[in-house]
Every structure is written in C-alpha cells, then in structure tokens.
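Working notes for the structure below.
Excluded from the calculations below are hydrogen atoms, water molecules and symmetry mates; all remaining heavy atoms, backbone and side chain alike, are included.
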Amino acid sequence: MSLEKGRLSSRQLIVLALFVFVGDMALIYPLTMVADSHQDAWIAGLISLPLGLAGILIPLKLHYFYPQMNLIEKINKILGKWVGTAVCLFYLIFFLIATAIYIREIEDFMCTQIFEKTPGAVFRFMTLFLVIYGLRLGLETLARAAEIFLPLFILFFASLMILLLPQIQLENLFPIMHTPLPKLLHSVLFGISYPFGEMIVFLMVYPYVKKSKHTNRDIFLILIIGAAVLNLILFLSITVLGAYLPEHQFYAAYILAQKINIGNFLQRIEALMAIVWVITTFFKTALYFYAFTLGSAQLFNLKSFRSLIFPVGFLVFGLSQLVSKDIVFYMKKIPSTWVDWDFTVSFAIPLLLIIVYYVRKSKIRTSSG
C-alpha cells in the first residue's frame, strides 16, 4: 500500500521539474562551468544539453518497468532484499546530504551577500521551518504553491535578462575554442551531471502523477527550457562580466544582476535574482527532503512518512552545518566530487538496474521455456 495518497497533475509536475532543474544552479552554474572552460563555457553548456536529455532517458526507462513504484520500491523489486536495501541506503544518504547542502547554500548566500551580520542558523531554521510546514501539508499543496510562484519566476527572470541585453560585449567570447579538449569535456560532464543528474529525485514523485499522453513530451520540453535558462545566465555572465569574474566569484549571476543600470534610475535590483534563486532552491530542497523521508519510511516499513518529518528536520539542521566548514570549502571542494556522485546515482546505477532487470527477465523466460 502506497504511503503517498496525494496526486499531482502533469502541469504541477513540470512546474516542479523546472524549479528543481534551475534550483541552486541559477547562481552557481556559471562558476562550475567557467572554472575549466573559461570563455568557452557556453560551448560546453550547449554540448551538454543534448547529452543530458539523452541521459534522462535512462531513469525514465527505469520508471516504466514498474510505473506504480517509486525508486526505493523499484530497487528492492529488481535487486532483492539484501542488495536492494544496501543500494536504497546509498540513495537515501544521497537525498539526505543533498537536502543539507541546499539548506547550507541558502544560508551561505544570505549571510555573505545580503544579511552579512545575521547568524547563519537563523536562515537555516527559517528555511527548514518552511520546508517542514510545506511537507506536513502534503505533496499536492507543495505543488500548488509552485504553480503560484511560477509567474513570479518568469517575470523576475525575464526582466533581469532583458535589462542586461544592452551590456553584452561579444568580444568577451574570444578566443573561441581556446580551451584544451579534456577541460572542455570536464565542463560538459558538469553540465550533464549537475542540472540533469539531480532530476533523479523525480523517480520518487513520478508514480504519484496523473499522467496524460503528453506528459513525457512536456517533461523534455521543460528540461530544454530549464537548460536554456541556465545557459542564458552563463552566456550573460561571460559576455557582461568577462570570463575571469565568473571563474573567481561564487555568485556571478547575483553580481550580474547588480550590473543593471537603466538611466541611473532602474538599478540595484539584484534582490530580484535573490528571490528567484531562493524560490527555486526552496522547492528543490523540499523535494529532496520529501524523497528521504518517504524512502526511509518505505525501506523500514513504517505506516506513515509524516512521522519522520520533524526528526529529519533536526537531523538536517545539524548536518547542514557539518557538510562544509565555510563557503570557500564548499565552492572549491564539493563541486568537483559531487559531480561524480550525481553521475553515479542518476545514470550509472539506473543503467545497472535496467541491465539486471533484463537479465533476470531473460532467465525467467529461459527457465519457463
């Protein structure tokens, strides 16, 4: 019997998918891409788009083996009790640490860019309070809230991009293809694993969606839109700021918004960028939090996952302080290792599960024949 009684519409699914895809990447995507590719990062971003969409086919294929089951249930079904439990624990750890990291990202950003004298624990508590409150109300309520915030996201982001167009300097893109191929490919791996790989969380949500005949098409369309948003931010970061500043500035997109100045009247509207980023990162955090609590309840055969929400909230509050000693450590150390984890949980293990599924199915057919 399913622990999740709520059901999402296809429209609510794609809105959540957009927010999760953009999420924390809206601010840190330029840094991760420019670090190796410099002014060629926009090329790496374009290359990663079709490859990322192709990679999404792997978890999507896995979903259709047992469409009524979420990721944790599928793993146990395919791998059996003992091996399946070990792999499930691996995913639950991933969901938990990801939740803590997203909470920490909000805390670090607010404390270093906007409220510099406010203790980080304040923002950690406020974010967790909202996440817990939203999940207590249910998945459907969270999805409806995402629909409400979508027009604000579109308005704020479109305004920022349009107002920056006069400041584009295309000479910042030169010299083109000056980056060595290995470093360019490393940036492509970042462009695939980070935004596309972290969509694996939707295998915990997809079974609870009222699907239409256009659901899969809409998912790919929204991923293309999300990738276009991130690559537009990357392109503007390079053409407006140059390659050097995004490479050495943690929040290049936020600095980008500070550059807006129309007639010395319309300026200092970087708070819009902050609002967009906080909104998208909040929903991404909430879904990863949901995936961990629901998956834990299913793995340990609990009657309800809601009883875990408050205890997990305390756990995440402490863990978000432990995942990184400071913002410099976070930005310099975590991305280079997190990309491997994203690639493993989103593409490597699902591909392995697909292979095991077909092998077992083949053996059953052989034995029955």
For the rings on [X] and [Y], is their centre-to-centre separation under 6.0 Å?
{"X": "Trp277", "Y": "Phe157", "value": "no"}
{"X": "Phe109", "Y": "Tyr254", "value": "yes"}
{"X": "Tyr288", "Y": "Tyr102", "value": "yes"}
{"X": "Phe282", "Y": "Phe19", "value": "no"}
{"X": "Tyr290", "Y": "Phe305", "value": "yes"}
{"X": "Phe283", "Y": "Phe153", "value": "no"}
{"X": "Phe347", "Y": "Phe343", "value": "yes"}

| said: Is it true that Gln113 and Asp108 share a donor-acceptor pair across their side chains at a distance under 3.5 Å? | reply: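 Short answer, no.
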| said: Under a plain distance cut-off of 3.5 Å, with no hydrogens placed, do Tyr64 and Asn216 share a side-chain donor-acceptor pair? | reply: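 Looking only at side-chain atoms, Tyr64 and Asn216 do form a donor-acceptor pair, the distance falling under 3.5 Å.
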Do [X] and [Y] have side chains that get closer than 4.5 Å, going by heavy atoms?
{"X": "Glu247", "Y": "Leu31", "value": "no"}
{"X": "Lys81", "Y": "Asn76", "value": "no"}
{"X": "Phe174", "Y": "Gln39", "value": "no"}
{"X": "Phe220", "Y": "Ile56", "value": "yes"}
{"X": "Leu96", "Y": "Val316", "value": "yes"}

| task | Look at the aromatic rings of Tyr133 and Phe129 and report parallel, tilted or perpendicular, splitting at 30° and 60°. | result |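 Ring orientation, 0 to 90° scale: parallel.
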| Ring geometry between Phe65 and Tyr357 (parallel below 30°, tilted from 30 to 60°, perpendicular above 60°) |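 Judged by the thresholds at 30° and 60°, the geometry between Tyr357 and Phe65 is parallel.
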| message | Please determine whether side chain to side chain contact (heavy atoms under 4.5 Å, CB included) holds for the pair Ser10 and Ile14, giving the CA-CA distance in whole Å, both sets of side-chain angles, and the decisive distance to 0.1 Å. | response | CA-CA 6 Å; Ser10 294; Ile14 63 174; 5.7 Å; no
| task | In plain terms, say whether Glu270 and Lys259 are close enough for a salt bridge, that is, a side-chain N and a carboxylate O under 4.0 Å apart. | result |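 So Glu270 does not pair with Lys259 through a salt bridge.
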| task | Step through the shown structure and confirm whether more than 12 heavy atoms of other residues, nucleotides or ligands are within 6.0 Å of CZ on Arg306. | result |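 Yes, enclosed.
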| request: Give a yes or no on whether Phe90 atom CZ has more than 12 heavy-atom contacts from other residues, nucleotides or ligands under 6.0 Å away. | output: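 Check passes, neighbour count above 12.
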